[in-house]
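Written below as structure tokens is the structure these notes are about.
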Amino acid sequence: MNDSEPRDFIRKIIYDDLGSGKHAEIVTRFPPEPNGYLHVGHVMSICLNFGVAAETGGRTYLRLDDTNPGKESPEYVEAIKENVRWLGFDWDDRLTHASDYFDRLYESAVTLIEKGAAYVDSLSAEEIREHRGTLTEPGTNSPYRNRSVEENLDLFRRMRAGEFADGEHVLRARIDMASPNMNLRDPAIYRIRHIPHQNAGDEWCIYPMYDFAHGLSDAFEGITHSLCTLEFEDHRPLYDWFLDQLQPEHRPRQIEFSRLNVAYAITSKRKLNALVEEGIVSGWDDPRMPTIAGMRRRGYPPGALREFVRRAGVTKKDKLIEMGALETCVRDTLGDTAPRRMAVLRPLKVVLTNYPQDQVEFMEAMNHPGNPNFGTREMPFSRELWIEQDDFMEEAPRKFFRLKPGGEVRLRFGYIIRCDEVIKNDAGEVVELRCSYDPDTRSGTGTSDRKVKGTIHWVSCQHALDASVRLYDRLFNDANPNAADDFHSVLNEKSLEIVAAKLEPSLAEAEGAVQFERLGYFRVDPQDSSAEAPVFNRIVTLRDSWAKLEKQALQGQ
Ligand code: ATP
Ligand code: MG
């Protein structure tokens, strides 16, 4: 692709509209409903809406689409604002709510009634459903469809005044009960709900429906391109119908793109809410959650999320993207920015029998092998060390180049050691290795040029920092948990393992992401960690152990 070519079909439309002079400035909006936390799918919409406007010198509104009181809350509003800001976007003074427009929406509804384009229906919800018809049969007109303008205006005013109970009347657009598009069969535009609103308080007891409120809010804000997901394609004729009827000053254009779905992740707020409510996860920001809050707490950098959706691309084709692709972006970002440290997750003690009892040496360790600007640090080395249990094998195959009885290995930034004796407990488990070190082999300064094939990491026992380390895995066993009848049946019971790890002492000061050499990227948990009881989260492993499995699973899609 040529560099000057627009990256996707939406950018092509937008650049063409600027080129032709149809618009002098691009105005977009990101319109979440504050009924839950934002998830990885929303990242795509945020990056698209804020991205195209920023690229073209335009503007973006953060609009809270709050037409459903009861399900919405200020907690979600705050979380949404924080998430968008953290992702690197700025709405400046353009924070709005659909509820900011309740007066204008009411007036627009009155205009529709005056034009004979809306009527108050007094059928019950059940009866309205029965009149709607099916995909193959037309609907039938409500007996109230031909009420006079005066009667409709009077009833609608009294609906607003609180004279009727929930469900007694609804205001409907008067379009076409025989339309092949079900959305045009006289859709409801206002309903009665005696329930307070998270932003408007108890000022209203009638609330506009999404389709009515959304397009008009777009028009009120002067949105040029209203970008939404494909499930709204069938609603576009209705979106346009309201604009045709009301002729607002600005006419927005709705364009649909496909949802971003990520394998092994759920992207429905309702189901994510169930995970939280049922205590399956610790909260909306549990690091296993595909929410922005969860991914942030886990340690995913915002740049990695932006890069992920850039690589996924904006298209019209449904997609289920491998979780591995997201993790690759996280690794790519952290690889350059995270300093290296040493930590032992499943410790096995090594005693260097020929190392002086009370001696401590300080080994110079590089903070980043690929970038000398990260500098070095000193790691204490002493007679008793922790190594990783699986860096030792008693009955090792010939190609095992780590530690085995009689075998040698290099301790990174330290000495070459040999395993002389294996100590076991009564149960026959290996609990300690007696080793000897070769004093001539100290890294950097040693006089010996002896080489061994394996190098392993270690931490000095007397200096080690005890920490609880949380190893996260996929929350689901099934590549497409969104499609499962009951997501409970595909939960991965082993999505969290907690180990008592030994860390090099400099990790007491860790901020942000670090790489534990040979193990992965980790970070201090921002909520549960303390100086006395450090807690680290694994952000991502160094290699993608799921790649094969995931490919196979997705091929079946
Ligand atoms: P959910 O089903 O999780 O409640 P939603 O679409 O109802 O999602 P909204 O708060 O209405 O959530 O979404 C705000 C915006 O984000 C909408 O424009 C919507 O189209 C977009 N969006 C939501 N989910 C995705 C997704 N998976 N991929 C891309 N865009 C999305
Ligand atoms: Mg929605």
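Read the numbers this way: they start at 1 and go in the same order the structure lists the ligands and their atoms.
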Going by the 4.0 angstrom heavy-atom rule, the piece of Thr229 near ligand 1 is both
Tell me whether the guanidinium CZ or amine NZ of Arg288 lies under 6.0 angstrom from the six-membered ring centre of Tyr472 and within 45° of its axis. no
Among pairs that include at least one residue of residues 33-68, which meet ring-ring contact (aromatic ring centres under 6.0 Å, His included), considering only residues two or more places apart or in two chains? Tyr37-Tyr76, Tyr37-Trp284, His39-His42, Phe50-Phe89
Salt-bridge present (Asp332, Arg311; N to O < 4.0 Å): yes
Hey, do the aromatic rings of Phe220 and Tyr101 have their centres closer than 6.0 Å? yes
Taken in chain and number order and not counting sequence neighbours, the residues that satisfy side-chain hydrogen bond (donor to acceptor under 3.5 Å, both in side chains) with Arg160 are none
Would you say Arg172's side chain and Asp186's backbone share a donor-acceptor pair under 3.5 angstrom? yes
Measure centre to centre between the rings of Phe212 and Tyr239, then say whether the value is under 6.0 Å. no
Residue Leu260 vicinity, atoms of ligand 1 by number, heavy atom under 4.0 Å: 26 (C), 27 (N), 28 (N), 29 (C)
Polar contact flag for Lys269 and ligand 1 (N/O pairs, less than 3.5 Å): yes
Ligand 1 atoms nearer than 4.0 angstrom to some heavy atom of Thr267 are 3 (O)
Tyr521 ring centre to Arg331 NZ or CZ under 6.0 Å, with the angle to the axis within 45°? no
Tell me the nearest of Glu33, Arg259, Arg29 to atom 2 (O) of ligand 1, using heavy-atom distances. Arg259
Taking only heavy atoms of Pro32 into account, list the atoms of ligand 1 that are under 4.0 Å away from them. 10 (O), 14 (C)
So is there a nitrogen or oxygen of Phe232 less than 3.5 Å from a nitrogen or oxygen in ligand 1? no
If we number the atoms of ligand 1 from 1 as shown, the ones under 4.0 Å from a heavy atom of Pro31 are 14 (C), 18 (O)
Show which atoms of ligand 1 fall inside a sub-4.0 Å distance from at least one heavy-atom site of Ser268. 3 (O)
Could you tell me whether Met44 and ligand 1 have an N or O pair separated by under 3.5 Å? no
So, does His39 sit close enough to ligand 1 that a heavy atom of it is under 4.0 Å from the ligand? yes
